[in-house]
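Index from 1, following the sequence. None of the values given here were measured: they were computed from a predicted structure.
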Amino acid sequence: MDDSDRWRNMASAPKDGSRILVTVRPSEQGPAEVDVAYWARPDAFGIEGWRAGDSYPGCIIGYADPELKCWMPLPTANLSKNSPEMPTPWEGDDEEQLDGSGI
């Protein structure tokens with residue numbers, strides 16, 4: 001399996017501002033979903049954290065660390081008709097199974 005199409009523990013997510021795919025944990029607002037997020041540096045109020053601004057135009061969403069379950073790099077551009085759509089959210093029991101650490 002290619003490392004680029006595997007969910008990884010959030011502790012290893014890049015905090016350099018690059019965009020990544022994340023699994024947002026299910027909550028009372030809805031089921032688990034996949035979103036595009038990036039790490040935002042501290043703003044004028046000293047707040048840093050995970051942000052998503054690509055999924056809902058004109059709306060920046062802030063995620064608390066516990067809301068995000070795992071991450072993977074954005075897929076490379078593949079213009080073939082057989083290219084997969086957005087991956088499904090991680091539905092494993094716990095984070096220990098990510099990266100093969102539960103083996």
Gly62 versus Glu67, closest heavy-atom pair with distance: O-OE1, 4.0 Å

Asp35 side chain reached by Leu21 side chain, heavy atoms, under 4.5 Å: no

Ser12 vs Trp71, side chain to side chain donor-acceptor pair (under 3.5 Å): CA-CA, chis, key distance, verdict: CA-CA 9 Å; Ser12 67; Trp71 77 280; 3.1 Å; yes

Pairs where residues 10-36 contributes a residue and the test ring-ring contact (aromatic ring centres under 6.0 Å, His included) is met, not counting sequence neighbours: none

Close side-chain approach of Ile20 to Pro14, heavy-atom, < 4.5 Å: yes

Residues in side-chain contact (heavy atoms from CB on, under 4.5 Å) contact with Ala40, at least two apart in sequence or another chain: Tyr38, Arg51

CA sep, side-chain torsions, deciding dist, call: Val34, Trp7, side chain to side chain contact (heavy atoms under 4.5 Å, CB included): CA-CA 11 Å; Val34 174; Trp7 288 112; 4.0 Å; yes

Residue list, side-chain contact (heavy atoms from CB on, under 4.5 Å) with Ala32, at least two apart or on another chain: Pro26, Pro89

Side-chain touch Leu68/Val24, heavy atoms, less than 4.5 angstrom: yes

Flag side-chain contact, heavy atom, 4.5 Å: Trp50 against Asp65: yes

Euclidean distance, Met72 CE relative to Thr23 OG1, rounded to 0.5 Å: 7.0 Å

Nearest heavy atoms of Val36 and Arg19, plus distance in Å: CG1-CB, 3.9 Å

pair Arg41-Glu48: side-chain heavy atoms closer than 4.5 Å: no

